[in-house]
Structure formats: C-alpha cells, structure tokens
Novice: 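After the structure tokens below, expect a handful of questions from me.
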2 protein chains.
Amino acid sequence: MPRVMGERGDVVPLLAEVFRTYGFEGASLARITEGTRLGKGSIYNFFPGGKEEMAEAVLSEIDTWFRDQVFQPLRHAADAQQGVADMFTAVGRYFLSGRKVCLVGVFALGHERDRYAVKVQAYFAEWVQALAAALQRAGHDADGALALAEDVVGGIQGALVLARAADEPALFMRALARMQQRLVPPGTC
Amino acid sequence: MPRVMGERGDVVPLLAEVFRTYGFEGASLARITEGTRLGKGSIYNFFPGGKEEMAEAVLSEIDTWFRDQVFQPLRHAADAQQGVADMFTAVGRYFLSGRKVCLVGVFALGHERDRYAVKVQAYFAEWVQALAAALQRAGHDADGALALAEDVVGGIQGALVLARAADEPALFMRALARMQQRLVPPGTC
DNA sequence: GTCTATAAAGCGATAGAC
DNA sequence: GTCTATCGCTTTATAGAC
C-alpha cells in the first residue's frame, strides 16, 4: 500500500494551530478539516475519540516539546546561567516573537481547564520548578528562586496576553528582555 | 404594570460570569438562560443583538468599573504611591483573590479579539498608561515607568493564568504582593 | 486511508401567546 | 416582560463507497 500522505503525528501541529486560533469550543470540525486539509473521515480515522482526543494529542506534543527543549536544558545545563538564557531564546522562538499564543494558557483560563486539569497543571508546575532549580544553581536562595520563577513564567503568559491585545508582538519580546535582565545579576547590587 | 424583576443592567453581571466561565463560543444560550435564570424571550428582549450585544454590554461594564475604580484613582490620587497601593487592593478584590479570571484577557487570547479588538486594546492600553503615569509621579523616569507598568499589568494577567492552572488562588495574591514590593522603592537601593 | 452522505443533537434566533 | 414552540442552520459523529 503506497502510504499517500502523512501519519497521525503530522496532523497534530496543524490541529494545534486550529485550537490556538479558535479555542476548544470554537474549533469546529469544519475549521479542523479546513486547517488540516483532511476530510472528516480521515480525522476520525486518526482520532476515533473526536475533538477530545485531538486536544489531548496536541497537549501531549506541547508537553514533549517543552520538556525536551526547555525543561531538561534548564535542569541539566552545565552553566545554569546559560541555561536560563537559552530558555528565553527558545521561548521567544516558540511563540514566534509574540505572534503565537500559548494554548496551555488559553486552556487554563477557559472551561477546558477542568477536562485537562492534570496536563495544564503539570505544564506550568514543571516549568516553574525547572526554572527555579536553574536559578538556585545560579546562586539564588531557594525561596527567592521559586518566587522569581513564578514571576517569570507568569510574566511570559501575561506578556502574551498584552502583546495579542495590543496586536503588537514586539511588546512580548521587550518583556522577555526585561525579565532576562532582572535575572542575570544574582549577587550584584 | 408591576415591574416583576430586574432591568437590563441587573443581567449584565450574570452574563459576565457565564462568559468568564465558558468563553464566548462556549457560552451557549442554554448556559446563558441557566446563568441568568431568564428565558430566551427575556434575554432577547434586553439584547436584541443576541450574544454579540451581550458580550459588548459586559465589556462596557468592565471598562466602566475599571475606569472608575482603578484608572481614575491611579491618575488623580493626591498621593501617587498610595494610588498604586490602592490599585493592588482593588485588583485583588475584583479578581476574588485569584478565584476569578479576567474576561478581557480571555478575549484577548482567543478568536474574540478580532471582533472586540478596540475594547480589548483600549482596556489594557489605558491600564498601562494610567499606572505608568502614577509611577512617574512617584519618582520614576518616563521610560522606566512605562516598562514597569507593562510588567505589572502583564504580571497580573499571567498570575491569573498560573493561579487558575494550579487551581491555587493564593498564587495570585503572592504574585500581587511581590509586584507591589517591586514598585514601592522608587529611589531606594 | 480518504472521501461523501447522512443521522441525531444542539445551536442562535424568531414568533406569538399571555 | 416573560414564557413556550418552532424555524433553519450547524454541530459532532457515524456509515459505507471507493
């Protein structure tokens, strides 16, 4: 059989884009078929569980990406300071310099939180924890590192809100730069 | 005719709650009638324009509340420092100490942003501007005040995301306290 | 694996009785 | 001003041809 086109994994990024654009309830099957260029039959062949399974797959892929590209580097970078800097670079790229929104954040604010509580909770908890560990290795005390990590992860989410509200992606990058500046001096004053 | 029950204005807060809980697309008329305890007939009597007009009314009420309770005090408080402190108090109360989400933030992240672009944009722009003005009156230079204002307004939105993701309202109040601490020393170091 | 056709339910909105 | 009944459309999901 000549596998004509993509596997299930190829569809997930397209699905993510649809969910990001319209939210879970707004992502109708009409919009999904349009965004994936796949018929309903194909979609349900890949995701027999329907929209719920699609969102689950999207969240899993996001989780994997952040674990590989952000959380693990934060935890295991030889130079903790550099690991934090790399996080800002990766995050700026991931959110397309402020033009892309965080789906987990969207789900967290909406009614979707209840259904995907575990994954939504784990995503932010792991991010804060990994960043706090890096900051501690860079010289901060435990309490200060945790507080700073919460500020930064929250600040990133808030900057995405503001950037999209103002339709001004540059606002996000400016906020990222300021947060990074706020972290670099561990013992300086 | 014995006016049995509420006027249009009494319905708006109930509508706001429904939109906050389910988002615009998720706020079906079934959920709206349940949340307002009004039949479809009554709803459409108050809001002939349907859901769109309902959301417009909700956004307008939010805008009015923040202008009266937050933006104007920030701009005209005799003591700018105290005006900023009052903002944190008002915001903490408004969002029920982190148990309530910001509808404008939800709309900003979602597809609703396009339809309500002007109001969403204006809400955050006015907030940042009013806070920056207060910070400048409190001793910050213009650029620093604007940057700090963006950090704080964004930080509030982000803290709401994190608090709801973790289902831990206290996280929001802790973030508020840290942001306030970051602002009070204008000339101290 | 991909499509079209279709079923059953829910949607926003309207009409008309009271 | 509030209700119930109903319209037409869209929704999710399934069935079956190819």
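Convention: sequence-line order gives letters A, B, ...; per-chain numbering from 1. Since the structure is predicted, the reported quantities are computational estimates derived from the model, not experimental observations.
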Novice: Can you label the angle between the B:Phe24 ring and the B:Tyr116 ring as parallel, tilted or perpendicular, going by 30° and 60°?
Specialist: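 Plane angle over 60°, so perpendicular.
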Novice: Quick one: does any side-chain atom of B:Arg137 pair with a main-chain N or O of B:Ala77 as donor and acceptor, under 3.5 Å?
Specialist: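 Yes; judged by distance alone, with no hydrogens or angles, the pair exists.
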Novice: Can you tell me if A:His111 uses its side chain to pair, donor with acceptor, with the backbone of B:Thr21 under 3.5 Å?
Specialist: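 Side chain of A:His111 to backbone of B:Thr21, a donor-acceptor pair under 3.5 Å: no, none is there.
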Novice: Distance under 6.0 Å and angle within 45° of the ring axis: does A:Arg31 meet both against A:Tyr22?
Specialist: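 Yes, a cation-pi geometry holds between A:Arg31 and A:Tyr22.
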Novice: Anything under 3.5 Å between a donor and an acceptor, one on a side chain of residues 149-164 of chain A, the other on a protein residue two or more places apart or in another chain? List them.
Specialist:
from	atom 1	to	atom 2	distance (Å)
A:Glu150	OE1	B:Arg174	NH1	3.3
A:Glu150	OE1	B:Arg178	NH2	3.3
A:Glu150	OE2	B:Arg174	NH1	3.2
A:Asp151	OD1	B:Arg178	NE	3.1
A:Asp151	OD1	B:Arg178	NH2	2.9
A:Asp151	OD2	B:Arg178	NE	3.3
A:Arg164	NE	B:Ala108	O	3.0
A:Arg164	NE	B:Leu109	O	3.2
A:Arg164	NH2	B:Gly110	O	2.8

Novice: Using atom CZ of A:Phe46 as one end and atom C1' of D:dT14 as the other, report the distance to the nearest whole Å.
Specialist: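 Value for this atom pair: 18 Å.
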Novice: Can you check the A:Tyr22 OH to D:dT11 C1' distance for me, whole Å?
Specialist: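 That distance rounds to 16 Å.
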Novice: To the nearest Å, how far apart are A:Asn45 CG and D:dC18 P?
Specialist: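 Between P of D:dC18 and CG of A:Asn45: 19 Å.
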Novice: Could you list the donor-acceptor pairs under 3.5 angstrom formed by side chains in residues 95-103 of chain B, with sequence neighbours left out?
Specialist:
from	atom 1	to	atom 2	distance (Å)
B:Arg99	NH2	B:Leu96	O	3.4

Novice: A:Ala85: which residues meet the side chain to side chain contact (heavy atoms under 4.5 Å, CB included) condition with it, sequence neighbours left out?
Specialist: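 Here the qualifying residues are A:Gln82, A:Gln180.
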Novice: Once you round it to whole Å, what is the distance between P of C:dG1 and OH of A:Tyr44?
Specialist: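 Those two atoms, OH and P, are 18 Å apart.
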Novice: CG of B:Leu29 versus C1' of C:dC11: gap in Å, rounded?
Specialist: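 Rounded to whole Å, this separation is 8 Å.
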Novice: Name the pairs: protein N/O against N/O of nucleotides 4-10 of chain C, kept only if under 3.5 Å.
Specialist:
none

Novice: Mark yes or no for whether A:Lys119, through its side chain, and A:Ser60, through its backbone, hold a donor-acceptor pair below 3.5 Å.
Specialist: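 Flag not set: sc A:Lys119 to bb A:Ser60 has no pair under 3.5 Å.
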Novice: Contacts to DNA chain D from residues 51-60 of chain B, heavy-atom cutoff under 4.0 Å, which residues?
Specialist: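 Contacting residues: none.
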Novice: Just how far, in rounded Å, is P of D:dT2 from CD of B:Glu7?
Specialist: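 Going from CD in B:Glu7 over to P in D:dT2 covers 11 Å.
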Novice: Tell me, please, which residues at least two apart from B:Glu53 pass salt bridge (Lys or Arg N to Asp or Glu O under 4.0 Å).
Specialist: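 With sequence neighbours excluded, B:Glu53 shows a salt bridge (Lys or Arg N to Asp or Glu O under 4.0 Å) to B:Arg8, given in chain and number order.
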Novice: Nearest whole Å is fine: how far is C:dA15 P from B:Ile43 CD1?
Specialist: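 Whole-Å distance recorded here is 18 Å.
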Novice: In whole angstrom, what separates A:Arg8's CZ from C:dT2's P?
Specialist: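 The distance from CZ of A:Arg8 to P of C:dT2 comes to 14 Å, rounded to the nearest Å.
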